[in-house]
Amino acid sequence: MTYPPQHLAATSKFLSLVLRHQPQTIGLTLDASGWAAVDELIAQSALARRPLTRPLIEEVVRTNDKKRFALSDDESRIRANQGHSIDVDLGLGAMEPPARLYHGTALRFLDSILASGLDKRQRHHVHLSESTSTAMAVGARYGAPVLLEVNAGAMFRDGCTFFQAQNNVWLTDQVAPQYLSVVQPESAR
Ligand code: HQG
């Protein structure tokens, strides 16, 4: 079965809402690790007039551009790989990051970030990426983008903890200003 891209994107947005932020809006329960039973998700979504089917869910999980969701090994449960605002423990193990990571943000946030560092805001962690192009796309969501390089190697040596989500996004609690530098556009890769 193939689904129109808009339908997959709308379903991904809906799944992000209920699996990361507001499961209660459809009466869904997540466990402590963020998993929801797929059958319950389908039933509660139907009650909320947001019909989902298992093939549609599987297609969103498989094709999602940022691998936002994962199915459990037995495919009975689903969760968001990262990006939660509700309190879940993803059970990720701490890992040594690459020497350099990137964060894209909007130019209008830059002064505040260079003064006080990168904060997690509504999310559980600050999100960092290995790719400059991904970081730029993330930053462009909020306006004219600017690319920051994060000296993750120095942070790690200084005792900061990093996690890597299942979709390769790097997560950490905070990035202090001394580990940040602005990448000038001509040197962006
Ligand atoms: C900024 C999307 C002022 C920060 C993306 C960002 C990513 C500050 C915004 C994932 C600040 C928070 C995460 C400070 C941080 N002063 N602004 N001190 N510290 N900020 O959306 O990293 O589509 O919560 O730079 O692709 O943009 O949801 O974080 O601009 O992977 O799967 O505050 O979300 O993925 O915004 O994005 P967000 P983010 P999904």
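Counting starts at 1 for both ligands and their atoms, in listed order.
In the model, Ser131 has a side-chain atom that pairs as donor or acceptor with a side-chain atom of Ser133 under 3.5 Å. Between the side chains of Asp89 and Ser33, no donor-acceptor pair is found at a separation under 3.5 Å. Judged by distance alone, the side chains of Asn167 and Gln82 do bring a donor and an acceptor atom under 3.5 Å apart.
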With salt bridge (charged side-chain N to carboxylate O under 4.0 Å, His left out) as the test, would you mind laying out the steps for Arg68 and Asp65 before giving the verdict?
CA-CA 8 Å; Arg68 289 183 178 88; Asp65 55 347; 2.9 Å; yes

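Annotation: ligand 1 has protein neighbours Arg20, Lys66, Arg68, His103, Thr105, Phe109, Ser112, Ile113, Ser116, Gly117, Leu118, Asp119, Arg121, Arg123, His127, Val138, Arg141, Tyr142, each with a heavy atom less than 4.0 angstrom from the ligand.
Annotation for Leu41 and Leu52: closest pair CG-CD1, 3.9 Å, computed over non-hydrogen atoms.
We find that Arg77 and Asp31 are joined by a salt bridge, their nearest charged nitrogen and carboxylate oxygen being less than 4.0 Å apart.
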